[in-house]
Structure formats: C-alpha cells, structure tokens
Amino acid sequence: QERLVESGGGLVQAGGSLKLSCVASEQMFSRHTMGWFRQVPGEGREFVAAISWDGSRTNYADSVKDRFTISRDIAKITVYLQMNNLQPEDTDVYYCAGDEEPLIPDSTGWADYWGQGTQVTVSS
C-alpha cells in the first residue's frame with residue numbers, strides 16, 4: 001500500500017471544478033504539513049498549496065490562490081484540494097506531499113513523502 005494515495009483527477013472544461021483527495025496510510029501524517037505540487041517540464045515539481053498540521057495555516061502559489069482551496073480532515077488523515085475556475089494552464093499531474101515540519105516549511109521546495117500523482121486535464 002502506498003503511503004499517500006491521490007484521487008479525484010479527471011477531464012473538465014475551462015471554468016469547471018474538481019476536488020482532489022489524498023489519503024494517508026499512517027497516523028504520523030496527521031501531525032505533518034501536507035500539500036500539493038504539480039510538474040514543471042524540465043525543472044521538477046512546482047508548489048501549489050500547503051496546510052499546517054492543525055489546518056490553522058495555509059499557503060498558496062500566486063497562480064492559484066484565488067481559485068484553489070486546501071483543507072484537511074485530521075481524523076480521516078486526508079487532505080483535499082478544491083479546484084475552481086480551472087483553466088487549460090492548470091493541466092498537469094498533481095502530487096500529494098507530506099513533510100515532518102508541522103507548521104509549513106519556509107521553502108516551497110519541501111517534501112519528505114510523495115504520492116503517485118493524479119492527472120488533471122482542462123480543455124477549452
């Protein structure tokens with residue numbers, strides 16, 4: 001079993017919405033920062049959003065901060081990414097990530113654990 005398993009990706013038209021889910025297999029993730037990244041061709045993974053262990057703090061990339069919302073359910077050890085007003089440039093593979101720092105790392109390049117990714121495709 002994978003430690004972090006994403007779901008909820010798919011194909012939508014521009015302006016539509018998707019909600020991604022990431023289920024963790026171990027209780028330790030309930031005390032970790034959790035977040036989402038997406039691929040940048042030729043560079044690596046780009047930060048999208050993060051949430052602290054208790055949900056009190058959130059960070060977003062400028063490109064998504066007015067459209068995406070990250071949340072988590074501690075009891076279910078699950079993190080979500082509500083994606084609204086999706087645009088073609090949002091098309092990517094989205095990866096769930098966890099980090100042992102509970103209050104969100106200062107660097108946007110953090111990640112101790114990664115999921116396998118879920119594909120989001122936005123058509124015009």
Side chain proximity check, [X] to [Y], heavy atoms < 4.5 angstrom:
{"X": "I70", "Y": "R72", "value": "no"}
{"X": "C96", "Y": "W36", "value": "yes"}
{"X": "D73", "Y": "Y80", "value": "yes"}
{"X": "L4", "Y": "M34", "value": "yes"}
{"X": "L20", "Y": "V120", "value": "yes"}
{"X": "S25", "Y": "V5", "value": "no"}
{"X": "F68", "Y": "L86", "value": "yes"}

Write out all pairs satisfying salt bridge (charged side-chain N to carboxylate O under 4.0 Å, His left out) with one or both partners inside residues 35-50, taking only residues at least two apart or from two chains.
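Every salt bridge (charged side-chain N to carboxylate O under 4.0 Å, His left out) pair that includes a residue of residues 35-50, provided the two are not neighbours, is R38-E46, R38-D90.
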
So for atom CD, which belongs to E100, do other residues, nucleotides or ligands contribute more than 12 heavy atoms lying within a distance under 6.0 Å?
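Not buried by this count: 12 neighbours or fewer within 6.0 Å.
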
Partners meeting side-chain hydrogen bond (donor to acceptor under 3.5 Å, both in side chains) with Q13 (sequence neighbours left out)
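By the side-chain hydrogen bond (donor to acceptor under 3.5 Å, both in side chains) rule, Q13 matches no residue at all.
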
When clusters are formed by joining ILVMFWY residues with side-chain heavy atoms under 4.5 Å apart, either directly or through shared neighbours, do F29 and Y95 land in the same one?
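No, it is not one cluster - the side chains of F29 and Y95 are not joined through contacts under 4.5 Å.
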
Does V64 belong to the same Ile/Leu/Val/Met/Phe/Trp/Tyr cluster as V122, with side-chain heavy atoms less than 4.5 Å apart forming each link?
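V64 and V122: one cluster.
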
Could you list all the side chain to side chain donor-acceptor pair (under 3.5 Å) pairs where at least one residue sits in residues 106-120, not counting sequence neighbours?
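Sorted result for residues 106-120: E6-Q116, Q119-T121.
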
Atom pair CG (D99) and CD1 (I104), whose distance is rounded to the nearest 0.5 Å:
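D99 CG to I104 CD1: 10.5 Å, rounded to 0.5 Å.
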
Say you draw a straight line from CG of L81 to OG of S71; how long is it, rounded to the nearest 0.5 Å?
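L81 atom CG to S71 atom OG measures 8.5 Å (nearest 0.5 Å).
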
